[in-house]
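For reference, the structure discussed in these notes is given below.
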Amino acid sequence: MTFSPAAADTIAAFLGDSGTAPSDYDLILTGDLGFTGSNLLLQLLKKKGIDLPNHNDCGMMIFDRKRQDVHAGGSGCGCSASVLNSYVLQKMTSGELKNVLFCATGALMSPTACMQGESIPSIAHLVHLSAE
């Protein structure tokens with residue numbers, strides 16, 4: 001399962017609604033799309049004419065794919081909370097980061113839908129963090 005389409009739609013909608021561009025932000029962070037999901041996110045946004053050179057993903061920041069057997073990533077809520085509350089907020093407090101878009105992703109799990117073989121919808125929430 002990938003949450004990339006939800007993240008792509010949410011990021012594109014925010015940029016459009018706010019009239020901003022990816023270059024207006026020091027970091028655009030997702031959590032946790034992992035390696036595969038991050039590549040898909042970039043492809044989906046590129047189709048919409050949006051390039052994210054300042055994107056990183058919480059799961060990719062925590063894990064080393066070459067030295068650890070993590071495949072595509074880690075726990076979204078664990079990676080997101082860890083990276084945001086330790087690394088990102090520290091960088092904002094020190095002044096290294098001023099504007100961050102944080103896009104957390106997840107699934108709307110329904111035992112009934114799963115048992116009936118229905119698809120599991122994904123969701124993304126975006127928060128703009130500013131230290132200005």
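For the numbers below, each heavy atom of this structure counts, side chains included, while hydrogens, waters and symmetry mates do not.
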Determine whether F102 and L126 make a side-chain contact, defined as any pair of heavy atoms from C-beta on separated by less than 4.5 Å.
->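 With C-beta onward as the side chain, the pair stays apart.
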Side-chain heavy atoms of S82 within contact of Y87, under 4.5 Å =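 No, side chains not in contact.
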Could you please spell out the steps behind the side chain to side chain contact (heavy atoms under 4.5 Å, CB included) verdict for L129 and M92?
-> CA-CA 9 Å; L129 302 167; M92 293 186 83; 3.8 Å; yes
Go through L33 and F3 one step at a time and tell me if the side chain to side chain contact (heavy atoms under 4.5 Å, CB included) criterion holds.
-> CA-CA 7 Å; L33 300 178; F3 308 118; 3.9 Å; yes
For residues 38-49, which side-chain donor-acceptor pairs fall under 3.5 Å, sequence neighbours excluded?
{"residue": "S38", "atom": "OG", "partner": "G34", "partner atom": "O", "Å": "2.7"}
{"residue": "N39", "atom": "ND2", "partner": "F35", "partner atom": "O", "Å": "3.4"}
{"residue": "K48", "atom": "NZ", "partner": "D9", "partner atom": "OD1", "Å": "3.1"}

How close do S80 and C58 get, heavy atom to heavy atom, and via which atoms?
->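 For S80 versus C58, the nearest heavy atoms are CA-SG, 3.7 Å.
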Cut-off 3.5 Å, side chains only: do H55 and T30 have a donor facing an acceptor?
->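 There is such a pair (donor and acceptor under 3.5 Å, judged by atom type) between the side chains of H55 and T30.
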Between OG on residue S86 and NZ on residue K91, distance to nearest 0.5 Å |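 Taking OG in S86 and NZ in K91, the distance rounds to 10.5 Å.
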Yes or no on side chain to side chain contact (heavy atoms under 4.5 Å, CB included) for L101 and L15, after CA distance, side-chain angles and deciding distance?
-> CA-CA 10 Å; L101 289 185; L15 294 172; 4.2 Å; yes
Side-chain polar contacts of residues 22-29 - donor-acceptor pairs under 3.5 angstrom, sequence neighbours left out - could you list them?
{"residue": "D24", "atom": "OD2", "partner": "A21", "partner atom": "N", "Å": "2.8"}
{"residue": "Y25", "atom": "OH", "partner": "T20", "partner atom": "OG1", "Å": "2.9"}
{"residue": "D26", "atom": "OD2", "partner": "K98", "partner atom": "N", "Å": "2.5"}
{"residue": "D26", "atom": "OD2", "partner": "N99", "partner atom": "N", "Å": "2.9"}

